[in-house]
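Values reported hereafter were calculated over all heavy atoms of this structure, with side chains retained and with hydrogens, waters and symmetry mates removed. Lettering follows sequence order; numbering is per chain, from 1.
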Protein chains: 2
Amino acid sequence: MKKGMKNKNFSPETVCGSEDAAAIREMMTRIGDKWSIFLICSLSKTPNQRARFSELERTIPGISQRMLTTTLRHLERDGLVTREVFPEVPPRVEYELTDLGRSLLLPMQALVDWVGNHWSAVKKARSKVDDK
Amino acid sequence: MKKGMKNKNFSPETVCGSEDAAAIREMMTRIGDKWSIFLICSLSKTPNQRARFSELERTIPGISQRMLTTTLRHLERDGLVTREVFPEVPPRVEYELTDLGRSLLLPMQALVDWVGNHWSAVKKARSKVDDK
DNA sequence: CGGCATCCGTTCCGATACTG
DNA sequence: CAGTATCGGAACGGATGCCG
């Protein structure tokens, strides 16, 4: 990196305890909430990363209408998805991953993979602790 | 992958809507909670990924004694950190990242880097939405 | 179909006080 | 020093009903 260039990355040294911590926290509470990650994953698997409301509702088991709306609004506010309303009857609304949202897929997949590879170890550790 | 070999990874196709979703959710609520990520980052930066209670308390601004204890216990239960008590007066307790915990650093860093690279875009998207 | 408004139980988490 | 115990406000999220 060039000298004097403003570093837009957060170095590992400054993750905790800096003002950047607020950014980390805000994104973690966004993608760490109950449904966001499933919503993003679901969208990423549809053609054009695009799907309508009812489609998402079917794809994600257990999600309520309320939480689907709420979560989509949050993702839209953060620029991760777009919302397009088609003025028809009955109404149709389509959601699509933005480029910003797509850029999140790789780090998220890394996390998903970690769970795939290590979940059994976590479960084992839990049962060991819980037995006491 | 060999035929008949049990796949321990979750494929992207099965992330949502499978029983594996529960594993994803549980790990997300663990590292997505208010303090875990800072705790893991803090530990990762100490020599030997090892630090005592009061050291962590100083390193992480704003954390209460209660949440520090609670979060450490959760991480310990999941096998991500160890807890060692030294029978001295005054008492000393040291926490250390396990190998399992260390293996989480890479995917977590990927997420932290994403925030570093894209946080300004998120903020911009937010203000654009909020202005309406 | 794709919402929104309301209610309400549960969980989270900070503050405070106390302890071996 | 490194906790534990208790309280209370706030936020999360499910259920339900209504609506253009």
Side-chain angles (χ1 to χ4, degrees), chain A residues 16-17 21-22 24-40 42-43 46 50-78 81-96 129 132, chain B residues 16 21-22 24-39 42-43 46 50-78 81-96 129 132:
Chain A
C16 310
I24 309 279
R25 159 119 4 107
E26 287 200 57
M27 279 313 299
M28 285 308 288
T29 58
R30 171 64 59 250
I31 71 159
D33 69 10
K34 192 166 181 182
W35 299 106
S36 289
I37 196 169
F38 296 127
L39 219 40
I40 293 170
S42 272
L43 270 175
T46 60
R50 194 176 179 86
R52 54 190 297 184
F53 188 89
S54 53
E55 198 177 340
L56 293 169
E57 197 172 13
R58 277 193 311 277
T59 311
I60 304 172
I63 195 170
S64 67
Q65 222 172 26
R66 186 174 107 83
M67 287 318 292
L68 182 53
T69 304
T70 305
T71 308
L72 282 168
R73 288 294 194 281
H74 286 158
L75 295 175
E76 189 195 3
R77 175 172 183 254
D78 286 354
V81 309
T82 56
R83 175 177 185 266
E84 189 174 2
V85 183
F86 296 86
E88 309 168 356
V89 273
R92 177 166 56 106
V93 180
E94 289 188 358
Y95 295 89
E96 184 179 344
V129 170
K132 297 176 194 170
Chain B
C16 311
I24 309 278
R25 158 116 9 102
E26 286 200 58
M27 278 314 298
M28 286 307 289
T29 58
R30 171 64 61 251
I31 71 159
D33 71 9
K34 193 165 181 184
W35 299 107
S36 289
I37 196 169
F38 296 128
L39 219 40
S42 270
L43 270 175
T46 59
R50 193 175 179 87
R52 55 192 296 185
F53 188 88
S54 53
E55 198 176 339
L56 292 168
E57 197 173 12
R58 276 194 313 276
T59 311
I60 303 173
I63 195 170
S64 67
Q65 223 172 26
R66 187 174 105 82
M67 288 317 292
L68 182 53
T69 303
T70 304
T71 308
L72 282 167
R73 289 294 194 283
H74 286 158
L75 296 175
E76 188 195 5
R77 176 172 183 256
D78 286 354
V81 308
T82 56
R83 175 176 183 266
E84 189 175 1
V85 183
F86 296 87
E88 308 169 356
V89 273
R92 177 166 55 107
V93 180
E94 289 188 358
Y95 294 89
E96 184 178 345
V129 170
K132 299 177 193 172

Taking only N/O atoms, report every protein-nucleotides 11-15 of chain D pair under 3.5 Å with atom names and distance.
from   : atom 1 : to      : atom 2 : distance (Å)
D:dG13 : OP1    : A:Lys34 : N      : 3.4
D:dG13 : N7     : A:Arg66 : NH2    : 2.4
D:dG14 : OP1    : A:Lys34 : NZ     : 2.5
D:dG14 : N7     : A:Arg66 : NE     : 3.2
D:dG14 : O6     : A:Arg66 : NE     : 3.0
D:dG14 : O6     : A:Arg66 : NH2    : 3.2
D:dA15 : N6     : A:Arg66 : NE     : 3.4

Polar atoms only, N or O, under 3.5 Å: list the protein pairs with nucleotides 1-3 of chain D and their distances.
from  : atom 1 : to      : atom 2 : distance (Å)
D:dC1 : O3'    : B:Arg52 : NH2    : 3.0
D:dC1 : O3'    : B:Pro91 : O      : 3.2
D:dA2 : OP1    : B:Arg52 : NE     : 2.9
D:dA2 : OP1    : B:Arg52 : NH2    : 3.0
D:dA2 : OP1    : B:Val93 : N      : 3.4
D:dA2 : OP2    : B:Ser54 : N      : 2.8
D:dA2 : OP2    : B:Ser54 : OG     : 2.7
D:dA2 : N7     : B:Gln65 : NE2    : 3.4
D:dG3 : OP1    : B:Arg83 : NE     : 3.3
D:dG3 : OP1    : B:Arg83 : NH2    : 2.5
D:dG3 : OP2    : B:Tyr95 : OH     : 2.7
D:dG3 : N7     : B:Gln65 : OE1    : 2.9
D:dG3 : N7     : B:Gln65 : NE2    : 3.1
D:dG3 : O6     : B:Gln65 : OE1    : 3.0

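Shown here are the side chain to side chain contact (heavy atoms under 4.5 Å, CB included) partners of B:Arg73, two or more places apart in sequence or in another chain: B:Thr69, B:Glu76, B:Arg83, B:Tyr95. For A:Val89, the side chain to side chain contact (heavy atoms under 4.5 Å, CB included) test picks out no residue, with sequence neighbours left out. A:Thr46 is linked by a side chain to side chain contact (heavy atoms under 4.5 Å, CB included) to A:Leu43, A:Ala51, A:Glu55, counting only residues two or more places apart in sequence or in another chain. Applying the salt bridge (charged side-chain N to carboxylate O under 4.0 Å, His left out) rule to B:Arg52 yields no partners; only residues at least two apart in sequence or on another chain are considered. Taking the salt bridge (charged side-chain N to carboxylate O under 4.0 Å, His left out) definition, one finds that A:Arg77 meets it with B:Asp130, sequence neighbours left out.
Overall bending of the helix from C:dC1-D:dG20 to C:dG20-D:dC1, expressed as the angle between end axes built from five pairs apiece, is 50° (10° steps).
By the 4.5 Å heavy-atom criterion applied to side chains, B:Ile31 and B:Ile37 are not counted as neighbours. Side-chain atoms of B:Leu75 and B:Val81, non-hydrogen and from C-beta on, do get closer than 4.5 Å to each other.
How far CG of B:Leu39 is from CE of B:Met67: 10.0 Å, rounded to the nearest 0.5 Å. A distance of 6.5 Å separates CG of A:Leu56 from OG of A:Ser42, quoted to the nearest 0.5 Å.
The two residues A:Leu72 and A:Phe53 come nearest to each other via the heavy atoms CD1-CD1, 4.1 Å.
On the nucleic acid side, DNA chain C contacts chain A at distances under 4.0 Å to non-hydrogen atoms, with the end points of that region at C:dC1 to C:dT6.
Counting only residues at least two apart or in different chains, salt bridge (Lys or Arg N to Asp or Glu O under 4.0 Å) contacts with residues 85-94 of chain B comprise B:Arg50-B:Glu94, B:Glu88-B:Arg92, B:Arg92-B:Glu94. Judged as a side chain to side chain donor-acceptor pair (under 3.5 Å), the pairs with a partner in residues 26-39 of chain B (not counting sequence neighbours) are, in order, A:Arg126-B:Glu26, B:Arg30-B:Asp78, B:Asp33-B:Ser36.
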